[in-house]
Amino acid sequence: MKRIDGGLIDRGQILTFTFDGRNYIGHGGDTLASALLANGVQLMGRSFKYHRPRGVLTAGSEEPNALVELRSGARQEPNTRATVAELYDGLEARSQNRWPSLAVDALAVNDLAAPLLTAGFYYKTFMWPKAFWEKLYEPMIRRAAGLGALSMAPDPDGYDRGFLHADLLVIGGGAAGLAAALTAGRSGARVVLADEDFRLGGRMLAESQLLDGQPASDWVAQAEADLRRMDNVRILPRTTVFGVYDHGIHGAVERVGDHLADPGPVRQRLWRITAKRTVLAAGAMERPIAFADNDRPGIMLAGAMRAYLNRWAVAPEGRVAIFTCCDDGHRTALDLVARGVKVFAVIDSRAEAPRFGDYNVMRGAVVTGTQGRRALRTIEVTQSDGTSTWLECSALGVAGGWNPTLHLTGHHRSRPVWDATIAAFVPGQGGPAGLAAAGAAAGRGGCAAAMADGARVAGEALAALGMSVTGADLPATEDPPQAIAPLWHVPGKRRAWVDQQNDVTVKDIRLAHQENMVSVEHLKRWTTLGMATDQGKTANVTALAVMAELTGKSIPETGTTTYRPPFTPVSMGVLGSGDTGPGFRPRRLPPTHRWAEREGAVFVEVGPWMRAQYFPRAGETHWRQSVDREALAVRRDVGLCDVTTLGKIDVQGADAGAFLDRIYSNAMASLKVGRVRYGLMLREDGILYDDGTCARLAEDHYVVTTTTANAGPVFRNMEFARQALFPDMDVQLVSTTDAWAQIAVAGPKSRALLERIVDGFDLSSDAFPFMACAPLTVAGGLRARLFRISFSGELAYELAVPARYGGAVMARLMELGADLGVTPYGTEALAVLRIEKGHAAGAELNGQTTAAMLGLGRMVSVKKDAIGAVMSRRPGMAGDTRRLVGLRPVDAEERVVSGAHLFTEGAVRSMDTDEGWITSACYSPHLQTMIGLGFLKDGADRMDEVIVAANPLEGSEVRLKVVSAHFVDPEGDRPRD
Amino acid sequence: MLIPHPLLGPRDAQEFTYLGDARLIDRPDGMAEGAGAAFHDYLYLRDNPAGPHRELWYHEHGDRSWLVVTRDTTTHEILGAELVKGPGR
Amino acid sequence: MTDLIPEPALGADAPMRREIGAVTLTERTDVGLASLALRAAASEPAPFGLILPGPGDSVVLQDKGAFWTGPGQWMIEGSENGDFAATVAAEAPGCSVTEQTDGWVVLDLVAPAEALGTLLERLVNLPPEALTPGKATRTLMHHMSVVLIRRSDSRLTVMGMRSLAGSLWHALEDTAARLA
């Protein structure tokens with residue numbers, strides 16, 4: 001092909017680019033495909049399976065063949081369609097799936113082996129030996145058959161997201177779309193117009209049809225200028241609406257920087273567009289006719305040939321012919337002739353084919369073969385009387401009719417319906433609510449018809465929203481005839497390609513049928529038809545028609561394909577919208593985080609929180625050294641730990657106590673002001689849900705704490721109880737988790753330390769006993785709350801101060817307690833201390849356990865109704881005799897591993913004899929051995945028994961002695977000290 | 001999906017947390033005779049209609065209202081939404 | 001008075017401030033916050049003379065303000081004074097009042113109206129009418145719950161959980177930078 005005059009390219013803009021290392025020149029407004037064609041390059045790729053040489057088939061996003069790798073280095077992007085890659089200066093492109101070069105491809109031998117590589121060949125050939133699949137067959141197939149390659153380097157580009165809200169979303173900026181947008185824009189509706197092309201106009205840009213006697217591009221420019229003047233209209237070019245979701249939500253990708261040599265800060269943007277109504281004006285896609293060897297470079301769709309001619313000023317050279325079954329093929333011939341290209345034949349399968357201009361028509365004739373190794377050289381034409389002739393031909397346009405681009409109408413499972421008058425599927429009933437197709441997408445194609453339809457459908461959409469409609473002035477134009485007598489494939493012995501991307505031929509479809517693939521879904525999976533990057537946009541309907549012929553059924557009886565998002569491929573990068581690095585997910589920092597950083601803490605992720613795990617000191621080389629030191633310091637002196645992450649819920653109201661009686665299994669209404677109680681929350685099915693403390697600050701004011709993990713869910717459940725279950729209670733809830741920095745001050749010297757910071761507050765056990773709480777001030781007037789509670793089992797307190805003072809209070813306590821041996825401790829030592837004390841945590845409250853199993857059965861009150869209380873008493877649950885026990889290895893050197901299962905010594909290891917499992921384990925620096933907590937059948941009655949913990953994952957078995965879960969201070973005297 | 005919040009207008013479903021059948025509002029009295037059987041039915045016997053379904057949604061990232069939303073399970077069409085705590089409750 | 005030095009939510013020595021193109025992002029540490037919820041028997045109060053707003057709205061009167069947070073619930077804004085809840089409680093007898101000053105990071109975003117509109121379009125999934133001047137609403141931003149208060153065409157307050165201050169700042173900074 002070669003460049004001619006005219007077209008919608010900017011010849012003043014000279015763009016240099018490379019393809020497979022060779023330099024070429026194109027212009028502004030070119031795509032990679034149009035620029036390559038203008039440079040006489042027809043061979044653009046090798047096919048997936050047989051490595052057949054392929055050229056460009058289409059001029060749009062449906063392209064199956066011309067897939068290239070764009071850019072280099074980390075930006076290398078495989079499988080990009082040359083037909084939609086906008087040319088820029090310096091563009092680099094490479095062909096794919098060939099070795100050593102595009103022209104000489106060693107794996108083209110696959111084509112000779114074609115009889116072996118038919119439909120379903122993987123399934124038949126590579127069955128055994130089984131081990132060979134992963135090591136040999138799959139890598140081999142992947143190398144031989146395939147698409148482009150990834151760079152394997154991190155994506156250097158930026159991505160973004162955005163949200164738009166519209167009265168009307170118009171998808172497609174062609175005749176119907178522009179008419180719809182103009183109508184809605186003038187009517188004052190909030191409009192978003194999205195078009196996948198970089199230039200508005202759609203098919204109008206590819207046609208020579210005049211509007212009001214002027215080139216269509218003039219009218220399009222005027223319409224675009226009008227729309228841009230309207231504040232209520234948003235135009236998004238280079239934007240593909242890839243999916244329609246419930247309630248008018250659409251996913252779209254805007255290619256912000258893909259057309260620039262340097263994509264800039266945002267390469268692509270993911271839009272979530274919420275529209276009250278949607279007009280799908282996506283146009284139509286031309287379909288090929290399957291005939292023998294119809295895949296050679298030089299054979300393209302007639303409409304694409306016309307688009308390259310009119311829009312991109314690229315004309316075919318040499319001997320040009322058209323093969324058609326409809327009037328539209330003649331339109332290409334007419335345009336070619338008008339631009340001085342001689343068309344030696346329009347081969348029209350219809351016996352009564354028309355002739356509209358100065359070209360030769362071969363009526364009732366079909367193309368039955370082609371030749372030419374890397375480009376088309378000759379075609380075989382067979383007349384209705386059966387005589388065949390080989391004719392020299394270098395360019396063949398194929399016109400099989402147009403399929404409405406209705407994909408998005410099928411995203412909610414609506415099936416298209418067959419329209420015999422245009423021989424195509426049109427949108428069916430039950431598509432996405434609020435979405436209506438218009439113009440060619442609805443089967444009402446032709447510029448004039450589509451414009452009128454776009455205006456009408458937009459008007460109806462606005463009327464449905466109760467808006468008044470101001471019509472748009474639409475130009476006068478006349479559509480050419482569009483008669484069709486569909487021809488799907490030309491019978492013959494040689495391979496006729498239906499799906500060029502997946503190398504599926506008519507023969508493969510026949511074979512699949514013979515092998516009893518009766519449904520279209522079977523066909524797809526057996527042959528891979530309709531898969532990969534183009535999802536069969538140019539192949540599916542033809543395949544259905546061939547299948548229909550084989551089964552003797554009609555096309556609509558045979559079925560339709562199911563359309564799913566995305567309409568065209570979407571990069572993973574844009575779906576992530578640039579949320580990488582620190583933006584990957586939100587991270588919560590407790591108030592003492594900076595202080596802990598300064599202390600050299602090692603941090604650990606706990607859900608969204610970053611918590612200090614331990615604080616290494618000089619000379620410590622192993623985490624255990626730090627953790628052991630921290631835990632021992634708490635038992636000997638005093639330690640400090642930020643426990644802010646525990647959820648805090650402020651509960652107020654006249655019925656606060658009665659409400660909490662419903663929420664907790666144990667009584668809270670009877671709690672005295674100034675006191676704290678440990679509480680259990682159950683699920684309504686009786687399983688343990690959460691635990692924590694509940695403090696009563698006033699008659700009508702409590703503060704509830706939750707576990708870190710359940711802070712959100714517990715609040716949600718309490719709101720459900722407040723609003724839905726007990727709406728007559730006077731109770732108000734608000735989360736205060738972030739408002740208070742809460743610091744655990746634990747250890748025998750904790751009182752001594754706190755005495756140095758409180759403002760004259762009496763901390764003696766008489767004045768402030770175990771499980772007391774009080775508001776107070778510290779450090780010279782700072783508002784604070786003090787709770788005398790203990791997770792470690794030692795004399796301990798939790799001090800809450802306004803969050804912004806958390807770091808400062810922590811630092812002050814460290815300073816004041818230096819002579820007391822004050823030691824900061826992290827989550828690891830916290831866990832060691834609570835295991836030593838036998839306190840339950842997440843590993844014990846794992847959604848399978850009950851209060852009784854924790855030995856806390858009496859905390860489920862029978863005197864009141866509470867969530868989960870009734871079901872916790874049902875027979876299966878109440879009869880559970882597994883109890884939380886402590887476990888110590890008989891041989892102190894042995895390891896205790898959580899997750900190991902417990903058995904009676906000497907018992908057979910089976911599900912039936914399984915007696916429980918270890919929930920938590922750690923090294924206890926206090927006992928100088930590993931210890932564990934676990935649930936054991938009849939555990940309460942088996943103290944001092946020796947049992948076996950089996951860990952089949954590591955093949956280990958350890959003898960353990962059953963002991964009290966309270967390894968430290970079983971009488972509980974220390975916290976009451 | 002869009003949830004038509006009765007006070008705030010349509011809001012994206014991402015702001016909400018789904019719970020399930022709105023029958024969960026009608027919690028039996030735990031102190032009544034036969035509470036065990038009543039709770040069994042309440043917890044485990046749910047209708048699973050193909051069609052309109054009254055269900056609970058929580059505006060977790062909004063005003064923290066619990067809503068009863070009537071949704072057609074076959075089409076996802078939302079036929080109505082009201083506050084769980086409304087007049088008459 | 002305590003001699004302890006409070007730390008701004010973003011953890012720097014002083015409140016953060018950054019100009020990114022046309023957008024100025026400022027951390028506020030001078031805002032006092034207290035939540036207010038009506039009790040069953042209480043009549044709707046008018047703390048500091050504020051007429052408590054309806055769903056999606058905010059009000060301002062001199063140096064005090066209020067925005068709706070849920071049925072029968074509001075957040076009252078004032079100047080930070082160490083115990084703002086006590087001040088509010090005195091103005092709202094019979095209501096449940098909770099100190100919230102420390103629970104939040106408060107960020108002010110100032111930009112020309114058009115830039116602010118574009119920024120909002122990139123940040124939150126709300127129709128523009130939900131955020132016209134005077135509107136206040138809670139929504140999701142980059143997987144974080146936030147409260148947005150549109151003070152004027154060119155000023156927006158973003159409030160998030162204090163512990164998320166860094167992530168929120170990063171999201172705003174990043175989005176503004178992509179705009180610039």
Honestly, the part of B/P10 sitting under 4.5 Å from a heavy atom of chain A is neither

For B/L43, is it the side chain, the backbone, both, or neither that has a heavy atom closer than 4.5 Å to a heavy atom of chain A?
-> side chain

Chain A heavy atoms under 4.5 Å from B/L19: which part of the residue, side chain, backbone, both or neither?
-> side chain

Decide if atom OH of B/Y18 counts as having more than 12 heavy atoms of other residues, nucleotides or ligands within a radius under 6.0 Å.
-> yes

Identify which of A/K864, A/R716, A/E719, A/K863 forms the greatest number of heavy-atom pairs closer than 4.5 Å to chain B.
-> A/R716

B/I25 and A/F720 have their tightest heavy-atom pair at N-CZ, 4.4 Å

Which atoms of B/T75 approach chain A - backbone, side chain, both or neither, heavy atom under 4.5 Å = backbone

Options B/R27, B/R64, B/M31, ranked by heavy-atom pairs under 4.5 Å with chain A, top entry = B/R27

Residue part contacting chain B, namely of A/R272, when any heavy atom lies under 4.5 Å = side chain

Compare every heavy atom of B/L24 with every heavy atom of A/L725, then report the nearest pair and how far apart it is.
-> CD2-O, 3.4 Å

Select one option (side chain, backbone, both, neither) describing which atoms of B/F39 are under 4.5 Å from chain A's heavy atoms.
-> both

To the nearest 0.5 angstrom, please state how far the OH atom of B/Y42 sits from the CE atom of A/M871.
-> 11.0 Å

Measure A/A721 against the heavy atoms of chain B and call it side chain, backbone, both or neither at under 4.5 Å.
-> neither

Does atom CZ of B/R23 have more than 12 heavy-atom neighbours, drawn from other residues, nucleotides or ligands, at distances under 6.0 Å?
-> yes

How many angstroms lie between atom CD1 of B/I78 and atom CG of A/D246, to the nearest 0.5 angstrom?
-> 8.5 Å

Is A/Q723 reaching over with its side chain to a backbone N or O of B/L83, donor-acceptor style, under 3.5 angstrom?
-> no

Given that the side chain runs from C-beta out, which part of A/I867 has a heavy atom under 4.5 Å from chain B: side chain, backbone, both or neither?
-> both

Identify which of A/R722, A/E684, A/R874 forms the greatest number of heavy-atom pairs closer than 4.5 Å to chain B.
-> A/E684

Select, from B/D12, B/V68, B/L56, B/D29, the one with the greatest count of heavy-atom pairs under 4.5 Å involving chain A.
-> B/D12

State whether the number of non-hydrogen atoms from other residues, nucleotides or ligands found under 6.0 Å of B/R46 atom CZ is greater than 12.
-> yes

State whether the side chain of A/H247 and the backbone N or O of B/H76 hold a donor-acceptor pair below 3.5 Å, judged by distance alone.
-> yes

